[in-house]
Amino acid sequence: MIRALFICGKARSRSPTAAQVFAEWPGVRTDFGGVSRDADDALSRDQIDWADLIMVMEQRHITRLNERFGKALAGRRIVNLRVPDRYRFMDGALVTLLEERAGPYLRDQR
């Protein structure tokens with residue numbers, strides 16, 4: 001079982017979509033959060049502690065993670081999926097892109 005935490009800015013489209021898509025995969029548990037000050041579901045330290053693998057949508061999210069959680073990230077695997085902020089929640093193109101980019105990190109759990 002792998003615990004995958006998906007992070008974007010406001011936690012409105014990309015990270016909740018990823019969490020929903022991959023929650024259906026056997027052997028994968030998911031959660032999501034946002035690193036922007038006005039995120040709908042703000043990321044917490046408990047989520048960081050829970051995660052085996054952290055996946056961000058953009059490089060700037062890694063910067064914000066480091067600013068807010070610094071030492072809590074030590075030893076954590078963080079992957080930048082490089083998913084631009086131009087999709088709506090559960091957009092078909094977003095789902096496809098997430099499966100292509102995050103899928104290989106989670107596929108071994110299926």
Side-chain angles (χ1 to χ4, degrees):
M1 179 69 62
I2 189 168
R3 294 177 304 234
L5 176 59
F6 296 95
I7 298 170
C8 64
K10 296 185 179 184
R12 291 183 185 153
S13 299
R14 295 174 290 173
S15 63
T17 296
Q20 185 168 324
V21 167
F22 294 110
E24 297 176 13
W25 286 29
V28 179
R29 292 206 177 158
T30 64
D31 199 0
F32 70 94
V35 291
S36 295
R37 295 188 197 284
D38 61 343
D40 288 355
D41 289 290
L43 186 65
S44 73
R45 169 70 188 263
D46 287 342
Q47 289 173 293
I48 299 289
D49 292 342
W50 170 86
D52 297 317
L53 175 62
I54 298 171
M55 296 191 191
V56 301
M57 301 299 157
E58 299 177 53
Q59 181 61 40
R60 66 185 170 147
H61 301 143
I62 294 174
T63 302
R64 288 185 184 161
L65 271 175
N66 283 315
E67 289 170 355
R68 289 185 53 202
F69 298 102
K71 293 180 183 179
L73 299 171
R76 302 275 177 197
R77 185 168 183 203
I78 301 173
V79 175
N80 180 358
L81 299 175
R82 301 173 332 277
V83 177
D85 188 13
R86 63 175 173 228
Y87 301 98
R88 294 187 183 271
F89 178 70
M90 294 304 289
D91 181 304
L94 174 58
V95 170
T96 299
L97 186 58
L98 289 167
E99 289 175 339
E100 288 172 0
R101 297 202 177 155
Y105 297 97
L106 303 171
R107 191 161 284 122
D108 294 338
Q109 307 305 315
R110 293 181 87 173

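Sequential numbering from 1 along the given sequence is applied to the chain's residues.
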Minimum heavy-atom separation for [X] and [Y], please, with both atom names.
{"X": "Ala11", "Y": "Gly34", "result": "CB-N, 3.5 Å"}
{"X": "Ala39", "Y": "Gly9", "result": "CB-O, 3.6 Å"}
{"X": "Leu53", "Y": "Tyr105", "result": "CD2-CB, 3.9 Å"}
{"X": "Ser15", "Y": "Gly33", "result": "OG-O, 3.7 Å"}
{"X": "Tyr87", "Y": "Pro84", "result": "CD1-O, 3.5 Å"}
{"X": "Phe89", "Y": "Ser13", "result": "N-OG, 3.6 Å"}

* What do the steps show when you test His61 against Leu65 for side-chain contact (heavy atoms from CB on, under 4.5 Å), and what is the final call? -> CA-CA 6 Å; His61 301 143; Leu65 271 175; 5.6 Å; no
Do the side chains of [X] and [Y] join up, straight or via other hydrophobic residues, at under 4.5 Å, putting them in one cluster?
{"X": "Ile54", "Y": "Phe69", "answer": "yes"}
{"X": "Ile2", "Y": "Leu81", "answer": "yes"}
{"X": "Val56", "Y": "Val21", "answer": "no"}
{"X": "Leu106", "Y": "Met57", "answer": "yes"}

* Does the pair Asp49 and Arg76 meet the rule for a side-chain contact (heavy atoms from CB on, under 4.5 Å), with working shown? -> CA-CA 9 Å; Asp49 292 342; Arg76 302 275 177 197; 3.9 Å; yes
* Please say which of Leu98, Thr30, Leu5, Val79 ends up in a side-chain contact (heavy atoms from CB on, under 4.5 Å) with Met55. =>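 Passing option: Val79.
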* To do: Output every pair passing salt bridge (charged side-chain N to carboxylate O under 4.0 Å, His left out) with a member in residues 82-98, not counting sequence neighbours, ordered by first then second residue.
  =>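 Qualifying pairs: Arg14-Asp85.
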* Could you give the distance from CZ (Arg64) to CZ (Arg37), rounded to the nearest 0.5 Å? ->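 Answer rounded to 0.5 Å: 8.5 Å.
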* Verdict with reasoning, Thr63 to Val35, per side-chain contact (heavy atoms from CB on, under 4.5 Å) -> CA-CA 10 Å; Thr63 302; Val35 291; over 6 Å; no
* To do: Only counting residues at least two apart or in another chain, list the ones meeting side-chain contact (heavy atoms from CB on, under 4.5 Å) with Arg3.
  =>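 With sequence neighbours excluded, Arg3 shows a side-chain contact (heavy atoms from CB on, under 4.5 Å) to Arg29, Trp50, Asp52, given in chain and number order.
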* Kindly determine whether Ile7 and Ile78 satisfy side-chain contact (heavy atoms from CB on, under 4.5 Å), including the steps that lead there. => CA-CA 10 Å; Ile7 298 170; Ile78 301 173; over 6 Å; no
* Asked: Looking only at atom types and distance, does a side-chain atom of Gln47 sit under 3.5 Å from a main-chain N or O of Phe32, one as donor and one as acceptor?
  ->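 Side chain of Gln47 to backbone of Phe32, a donor-acceptor pair under 3.5 Å: yes, one is there.
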